[in-house]
*Asks:* 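Quick one: this structure, given as structure tokens, is what I'll be asking you about.
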2 protein chains.
Amino acid sequence: MTADTAAIREPGRSASVFVAGVDRLARPHALPRAPCSTCHLRHCCVPAGLSPAQVEGLDRLPFSRRRVQLGGTLYEPGDVFKCLYAVRNGMFKSCVTLEDGRQQVTGFHLPGELLGLDGVATGRYASSATALEDSEICAIPYADLRTTSSADLELQGAIARLMSREIVREHSLMLMLGSMSAEERLAAFLLSLSTRMKVRGFSPIEFHLRMSRADIGSFLGLKLETVSRTFTSLVRQRLLHVDKKHVRILDLHLLRSALDMRTSPLRAAGPHGDGRRR
Amino acid sequence: MTADTAAIREPGRSASVFVAGVDRLARPHALPRAPCSTCHLRHCCVPAGLSPAQVEGLDRLPFSRRRVQLGGTLYEPGDVFKCLYAVRNGMFKSCVTLEDGRQQVTGFHLPGELLGLDGVATGRYASSATALEDSEICAIPYADLRTTSSADLELQGAIARLMSREIVREHSLMLMLGSMSAEERLAAFLLSLSTRMKVRGFSPIEFHLRMSRADIGSFLGLKLETVSRTFTSLVRQRLLHVDKKHVRILDLHLLRSALDMRTSPLRAAGPHGDGRRR
DNA sequence: CGGAAAATTGACTTTCTTCAAAGCTTGTGG
DNA sequence: CCACAAGCTTTGAAGAAAGTCAATTTTCCG
């Protein structure tokens, strides 16, 4: 079974009729191969930090490139885990679901970022990955990745580092969810986006938010109304320009400082206030 | 450099004088080796799910066993990453810290659970690990683990699964922090402990909480007063007995249902309420 | 026993959510 | 091209949940 048969679902089709791995025989969205060694994302994707020889090893992996249209999913919770997915362009969100139907967005994914690591644990994905706009991905068959890396200690190490980085990332999300006010959360979210956009060669101070306010709220542990209000509050503080989904950060430095000392601008050097909000 | 020189800090000693890896030449807390193959925790620790042959491979690793007293740390943020630590007995907490001093407990660790995976990403730990009682750990030198596993595809896979499991675990914590009320969070916390205690052969309905209310609060994204109030609320609902740090769950099933339908007992089958709280 | 730390409880405040209404966007079809 | 419906987004007012501050009580340990 190769990556070519992995299910990529399209919006509007009933999810329940799918069984991962048996759909998409025709694979109308397949695109020509794009080797890692010449990919414009190689500095911020899986190959980052690897030697040219190792990247050539990656090139030999039978991974495939595909289009996914807005609303389409790469996988859903419970699907058999076969591939890791690297975003080539566009944007995705990851969601986890509780038995009772509660959902939470656990991340937004820019080009070069890796999706599906949660499937390694049990052999089935624990979350879903949904395209927030028409996108392209590389599907990397995990079995093949393992085979290739078994011969290469460095590559093994790189994969381990990728997983560990995901753990660290989630640590900081927990910190955000557990100890920040609404305003701090939104600021942290925008700053994180800003940094990641910059790394990818986009403007760090101006970008389109592909996701809805509800998605942002779910990610930040807030209601969509609160997200909306917090946006207008940041705009009133002259930290942002917001026009619908388009955001411009007026002062990155100031926004960053909104993370430390909130509300009143005078408490930066307070000796013993620990800065915690709720 | 072997695991024997890894720093384990003791409470009361100044953290700043330590440099990871150069302390503890005398290693007064070293204990005799305890091979995985005969360890009573092998069903719920690193060796879980491995074949006898692979466990023998683990036995050959130069890992060391040590005591850590209450308040001692295995590592602190920024320490050079050398070892993974498996809890042998006792209990630990993990904390992450923000630049401004904000802290958050990211997990509590029971015997058989693994600590330090966040160090793989950058070669330095991103969090701290502190003993909540006098404990014992196995220190597994990561470099040696890599060497051993490079020859063994199965063992490699097992390690990857451990890391992925951590990612999944953190997903569910995010869900908790992002979408649960105080009562649900505390119930989820106790149920998680209950399950993990049971796996380890302890009573699933009765246990000592080694951590303070403040630690629980930090972990759950609540203030310690709220934790205290929520405990008394659960006691009044006859779901728990709480005597100081000793907790007895009166009805596991009922407590579990406190996660779905809260507050008013009548909303279990509501057709379109999505169940979200805050 | 005594003092320090941890936990509980109460009163009050703040923040965020909930509910509701209205304004914008976007896309579709006459 | 315009009208209109559907889906987001914004905004307001009221309510609920958790935080803050403060006073006590309990526990822990030397």
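Lettering of chains follows the sequences in order, A, B, ..., and the numbering in each one begins at 1. Please read these numbers as outputs of a predicted model, since none were measured by experiment.
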*Asks:* Is the distance between the ring centroids of Phe108(B) and Phe92(B) under 6.0 Å?
*Replies:*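 Here the rings of Phe92(B) and Phe108(B) have centres that are no less than 6.0 Å from each other.
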*Asks:* Distance only, no hydrogens: is a donor on one side chain within 3.5 Å (strictly under) of an acceptor on the other, for Ser181(B) and Glu184(B)?
*Replies:*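 Judged by distance alone, the side chains do pair up.
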*Asks:* Counting heavy atoms not belonging to Lys245(A), are there more than 12 under 6.0 Å from its NZ?
*Replies:*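 Yes, enclosed.
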*Asks:* Do Glu183(A) and Ser233(A) pair up side chain to side chain, a donor and an acceptor below 3.5 Å, judged on atom types alone?
*Replies:*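 Yes, a side-chain donor-acceptor pair sits under 3.5 Å.
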*Asks:* Could you give the NZ-to-C1' distance, from Lys223(A) to dA17(D), as a whole number of Å?
*Replies:*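 Taking NZ of Lys223(A) and C1' of dA17(D), I get 13 Å after rounding.
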*Asks:* Could you tell me, to 10°, how much the axis swings from one end of the helix from dC1(C)-dG30(D) to dG30(C)-dC1(D) to the other, five pairs per end?
*Replies:*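 Roughly 40° between the end axes, to the nearest 10°.
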*Asks:* Nearest whole angstrom, please: distance from the C1' of dA6(C) to the CD1 of Ile216(B).
*Replies:*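 It works out to 12 Å between those atoms.
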*Asks:* Measure CG/Leu222(B) against C1'/dA16(D) and give the value in whole Å, please.
*Replies:*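 Atom-to-atom, Leu222(B) to dA16(D), this comes out as 15 Å.
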*Asks:* Identify the two heavy atoms, one from Glu166(A) and one from Arg169(A), that lie closest to each other, and give their separation to 0.1 Å.
*Replies:*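 Closest pair (atom of Glu166(A), atom of Arg169(A), distance): OE2-NH2, 3.1 Å.
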*Asks:* Can you check the Met180(A) CE to dT14(C) P distance for me, whole Å?
*Replies:*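 The answer, rounded to whole Å, is 23 Å.
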*Asks:* Checking His241(A) now: which residues fulfil side-chain contact (heavy atoms from CB on, under 4.5 Å) with it, not counting sequence neighbours?
*Replies:*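 Expected list: Arg248(A), Leu250(A).
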*Asks:* Tell me the interatomic distance from Glu184(A), atom CD, to dC16(C), atom C1', rounded to whole angstroms.
*Replies:*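 Rounded to whole Å, this separation is 14 Å.
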*Asks:* Figure out the CG/P separation between Leu70(B) and dG30(D), and round it to whole Å.
*Replies:*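 Roughly 11 Å, once rounded to whole Å.
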*Asks:* CG of Leu177(A) versus C1' of dA18(D): gap in Å, rounded?
*Replies:*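 From Leu177(A) CG to dA18(D) C1': 16 Å.
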*Asks:* Are Lys93(A) and Asp215(A) close enough for a salt bridge, meaning some N to O gap below 4.0 Å?
*Replies:*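 The answer is yes: the pair qualifies as a salt bridge.
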*Asks:* Verify whether one side chain among Glu206(A) and His246(A) offers a donor that lies under 3.5 Å from an acceptor in the other.
*Replies:*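 Note: Glu206(A) and His246(A) side chains meet the donor-acceptor criterion.
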*Asks:* To the nearest angstrom, how far is Asp215(A) atom CG from dG7(D) atom P?
*Replies:*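 To the nearest whole Å, that distance equals 16 Å.
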*Asks:* Give me the atom names and distance for the closest heavy-atom approach of Arg185(B) to Leu220(B).
*Replies:*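 Nearest heavy atoms, Arg185(B) then Leu220(B): NH1-O, 2.8 Å.
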*Asks:* Heavy atoms under 4.0 Å is the rule here; annotate nucleotides 8-15 of chain D 5' to 3' with B where the base is hit, S where only the sugar-phosphate is, and - elsewhere.
*Replies:* -SBBBB--
